[in-house]
Amino acid sequence: MIINSISNLIHLKASSSYSLPNSPTLADLDDNEEEEGLPEKPHFDSRNVIFELDPCDGIGKVCLVYRKHKAGEMTPDPTIWFLDRALYWHFLTDTFTAYYRILLCHLGLPQWQYSFTSYGLSPQAKQWMNMYKPITFNPLQLSTEDPDSFINKLDPNKIFKAKNKTPVTKKKLPGPPGYQKNPSASSKRLEQSGTPRK
């Protein structure tokens with residue numbers, strides 16, 4: 001789990017130092033399509049101030065996005081977004097506290113941020129999720145038509161059913177020579193033969 005400290009926050013902005021005169025910039029790559037029910041997507045121009053919270057091991061960036069008002073003032077409450085490698089924005093949450101809770105709930109597993117994208121998790125990330133958080137991870141979306149999808153369908157009577165074991169008969173092996181199995185039987189024989197018993 002990585003969150004850059006305030007002193008290590010990286011300001012993401014378009015750099016003009018390496019650009020050619022007619023080359024595309026990050027502002028040209030901005031997607032202007034807005035999704036219904038979500039906040040306005042961040043832009044790499046002067047409308048937003050963007051800081052990198054987590055480099056995500058190169059699979060994208062978790063960003064802290066401040067919006068600028070028309071008067072040039074920034075909003076006091078930033079939103080948290082995930083910027084994937086294709087430079088598409090995916091909304092994570094409204095507040096840093098909520099992001100921190102989500103990070104903890106996902107145990108900081110690699111690529112957990114992709115569960116908030118339309119791409120979904122990679123097969124490797126699905127394995128990690130199944131291994132470390134199997135109860136909360138469900139790769140399939142639940143439909144409202146199937147309310148029994150999470151009911152345990154194992155029948156404990158079949159699993160823990162007592163099996164009738166047939167007793168194993170042991171063969172009686174003859175003892176070594178001079179060995180008496182039943183000492184009382186041998187004493188009766190001695191009394192019958194007339195030999196006194198000591």
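Crowding of Y100 atom OH: a count of heavy atoms from other residues, nucleotides or ligands under 6.0 Å not exceeding 12. Around CG of D57, the count of heavy atoms belonging to other residues, nucleotides or ligands within 6.0 Å does not exceed 12.
A donor and an acceptor atom, one from each side chain of S7 and S5, are located under 3.5 Å apart.
Residues D84 and I59 have side chains not in contact (no heavy-atom distance under 4.5 Å, counting atoms from C-beta outward). Side-chain atoms of W89 and I50, non-hydrogen and from C-beta on, do get closer than 4.5 Å to each other. Taking the side chain as every heavy atom from C-beta outward, K68 and M74 approach each other to under 4.5 Å. A heavy-atom distance below 4.5 Å is not found between the side chains of P78 and F51.
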- Query: So L107 and W112, side chain to side chain contact (heavy atoms under 4.5 Å, CB included) or not? Walk me through it.
  - Reply: CA-CA 9 Å; L107 305 175; W112 69 266; over 6 Å; no
- For Q113 and D54, run side chain to side chain contact (heavy atoms under 4.5 Å, CB included): C-alpha distance rounded to whole Å, both residues' side-chain angles, the deciding distance at 0.1 Å, then the answer. CA-CA 11 Å; Q113 297 88 353; D54 182 1; 3.7 Å; yes
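Among all heavy-atom pairs drawn from L12 and C63, the shortest one is CD1-SG, 3.6 Å. Closest approach of F82 and G60 over heavy atoms only: CE1-CA, 3.9 Å.
With hydrogens and angles ignored, the 3.5 Å screen pairs no side-chain donor or acceptor of Y99 with any backbone N or O of V62. Put simply, the side chain of H43 gets close to the backbone of K41: a donor and an acceptor are under 3.5 Å apart.
Below 30°, between 30° and 60°, or above 60°: for Y114 and Y119 the angle between ring planes is between 30° and 60°, a tilted geometry.
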